[in-house]
2 protein chains.
Amino acid sequence: MPIKAIVFDAYGTLYDTNSIGPAIAADFPGHAELVTALWRSKQLEYSWLRTMMHRWEDFGIVTRESLRYALETVGLSTEPAILDRLVEAQNRLTPYPEAAQALDTLSGYRLAILSNGSQPMLDALVAQSGLGRYLHAVISVDPARAFKPDPRAYALVEQHLGVAPAETLFVTGNGFDTAGAGSFGFHVARVERITTDAIRQAVTEQPPGATAMFRALRMRLEAIGFAPEAVVTTLTELPAVAASI
Amino acid sequence: MPIKAIVFDAYGTLYDTNSIGPAIAADFPGHAELVTALWRSKQLEYSWLRTMMHRWEDFGIVTRESLRYALETVGLSTEPAILDRLVEAQNRLTPYPEAAQALDTLSGYRLAILSNGSQPMLDALVAQSGLGRYLHAVISVDPARAFKPDPRAYALVEQHLGVAPAETLFVTGNGFDTAGAGSFGFHVARVERITTDAIRQAVTEQPPGATAMFRALRMRLEAIGFAPEAVVTTLTELPAVAASI
C-alpha cells in the first residue's frame, strides 16, 4: 500500500533539542552542556515512568519536573522564575536547518507532527518556527494520557488523519520512538543525526563528557527489535524513502 | 497499622550492581566502568519501554539486549559466548556488606524480595549469596508480565504474602522504584548509598565520566512526588524505621 501520510516526531526530529543550550547558559554560564544532557535524559524517563505508574501529567509538568531534577543535581537554583523561563524556552527550539525545505517537497502527502509535547507547547513551537504552513495536523499525546512508546499515543494519528498505520510513514530521530512506532505498525524512517562511529569515538574518551554519554544512551538505534525500514541522515532524503515503500 | 512485611528490591538494594565490574574487565580490560554504566542504564530503560510497548520479555532477555547495546556502543565484541558469560555473571552479584546481618535482625517480619529479575535469575542470585535463609519469598515480576514501576508488578506482593500494602514496608535504593512503590501504596524506605553532595561534586567535574553521569541520573531521589517516609544510609537502620511506622 502506498504511503498517504508522513508523521514526524518533534523533539530531536524536526527540532534540535540541543538548541536549548544558550537559554541555559544565559542563567547558568558553564553549565549548559551538563544541564541539557541531564534535563533531556530525565524528561523522557519521567514521561515513561508516569505512563507506567498511571500518573500521567502533561509534558509541561514533566518538562518542569525534569528541569528541577537536573538543576538540583548540579546544585543550581530552582527558583520558579528560572524554571518558568527555561520551560518556556523549549517552545523556541530551532528546527533542523533542512526541515522547512524537506516538508515543502513532501506536500503531496498528509503531513503531521505526533509529539509527547502538550498541545500548548506544540502550538507555540510550530507557530514560532514557521513550520505550521506545511502541516495538516499538530497532534499532542494529551488526549491519550500516555506518552510514546505507549500504543495509545500512536493510535491518535489514525484518529486525526483518517489514514491507517500501513499507509503511514513515521519519521523520528529517537531510538525509543523508532521501536515504538515500528511495534505499533507504522512504516518507520529513522533520522540518524550522528553516526555510530562518532558516538563510539566520543564515549570512549577517558573520561567521557555529558554530551557523549547522552548520545551513547539516546542517539543510537535500540537493540529491542522493530528495526526501521530506512535510515536517513537528513530529512531531504524522505521523498525517496516514501516513494519506495 | 503496624508493619507486618518488609519487601526488598534486589538490584541496587540488597545487591551491588557495580560488582559486575570485574566480570566485564576480564573480557574487556579498561572498559568495565563505561560498559557497566551503559548496561545498567539501558537495562532499566528497556524494562520500561517493553512494558509500555506491551512487548514484555523477561529480565534475562532485557539484560542480554541491553548488554548487546552497551557493547556495540563501545565497539566491543558481542559474540554469543561473551553475552552468555556476562548475563550469567549477573547471578553472582555481591550483596551489600551489611545485608545478611540486617535481614537477620528483621526476622520478626515477613521478609521478601520483589524484583524485576526473572525467577531463574533471582533464584540463582539468592542461592549463591546465602540470603535465602532470611527470606519468606523471592518474588519475580514474571507473572505480571510488567516491570516496576507498573502497579501490576507491586501487586504481586500481597498475592504472595497475604499482607496489605498499608502493612508493608518497601525498601529500595532506586529512585524510580521509590516513586513507584509509594504511588502504589506501600510505606517506603529509600536506601541512599551516595549523598547528593557527592553526586554533585563528581558530576560537575569537567568532563564528568560515565559513573558520575550514571549516579547523577539514577542514584538520586526522583522529582515526581511520592517521597519516601524514611531515607537510610545502610540496611541496619531498618528495624528502627519499621518500628516507627
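Since the model is a prediction, treat every value here as computed from it, not as a measurement.
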>> Please identify which of these residues, A:Val138, A:Val7, A:Ile139, meets the side chain to side chain contact (heavy atoms under 4.5 Å, CB included) condition with A:His160.
In response: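 Testing A:His160 for a side chain to side chain contact (heavy atoms under 4.5 Å, CB included) against A:Val138, A:Val7, A:Ile139 leaves exactly one candidate, A:Ile139.
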Most contacts with chain A, counted as non-hydrogen pairs under 4.5 angstrom, among [options]:
| options | answer |
| --- | --- |
| B:Met53, B:Glu57, B:His31 | B:Met53 |
| B:Glu45, B:Glu33, B:Arg68 | B:Glu45 |
| B:Glu222, B:Gln206, B:Arg50 | B:Glu222 |
| B:Ala210, B:Gly30, B:Gly180 | B:Ala210 |
| B:Phe176, B:Phe226, B:Phe184, B:Phe147 | B:Phe226 |

Examine whether an atom of [X] lies under 4.5 Å from a heavy atom of chain A, and if so say whether it belongs to the side chain, the backbone or both; otherwise answer neither.
| X | answer |
| --- | --- |
| B:Thr73 | both |
| B:Leu44 | neither |
| B:Ala212 | neither |

>> Would you say the rings of B:Tyr15 and B:Phe8 are close, in the sense that their centroids are separated by under 6.0 Å?
In response: no
> So does A:Asp84 pair up with A:Arg64, basic N to acidic O under 4.0 Å?
Replying inline: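 A:Arg64 and A:Asp84: salt-bridged.
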Between [X] and chain B, with a heavy-atom cut-off of 4.5 Å, which part of the residue counts as in contact: side chain, backbone, both or neither?
| X | value |
| --- | --- |
| A:Arg218 | both |
| A:Glu72 | both |
| A:Ala146 | neither |
| A:Arg55 | side chain |
| A:Arg152 | neither |
| A:Glu205 | neither |
| A:Leu221 | backbone |
| A:Leu34 | side chain |

> Most heavy-atom pairs under 4.5 angstrom with chain B, which of A:Leu217, A:Thr51, A:Val203?
Replying inline: A:Leu217
>> Heavy-atom pairs under 4.5 Å with chain B - which of A:Ala153, A:Pro151, A:Gly225 has more of them than the others?
In response: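 Looking at each option in turn, the highest pair count goes to A:Pro151.
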>> Are B:Ile224 and A:Glu65 packed together at the side-chain level, in the sense that at least one heavy-atom pair is separated by less than 4.5 angstrom?
In response: yes
> Should A:Val74 and A:Leu38 count as side-chain neighbours, where that means a heavy-atom distance under 4.5 Å?
Replying inline: yes
>> Is the positively charged end of B:Arg40 above the ring of B:Phe214, judged by distance under 6.0 angstrom from the centroid and angle within 45° of the axis?
In response: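 Geometry flag: not set, cation outside 6.0 Å or 45°.
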> Does the side chain to side chain donor-acceptor pair (under 3.5 Å) test come out yes or no for B:Gln43 and B:Thr63, once each step is laid out?
Replying inline: CA-CA 6 Å; B:Gln43 184 189 39; B:Thr63 298; 2.9 Å; yes
> Between B:Asp9 and B:Leu114, does a side-chain contact (heavy atoms from CB on, under 4.5 Å) hold up when you go through it step by step?
Replying inline: CA-CA 5 Å; B:Asp9 172 54; B:Leu114 173 72; over 6 Å; no
>> Walk me through whether A:Gln90 and A:Trp39 qualify under side-chain contact (heavy atoms from CB on, under 4.5 Å).
In response: CA-CA 11 Å; A:Gln90 290 282 358; A:Trp39 187 6; 3.3 Å; yes
> How are the rings of B:Tyr154 and B:Phe186 set to each other: parallel, tilted or perpendicular (split at 30° and 60°)?
Replying inline: perpendicular
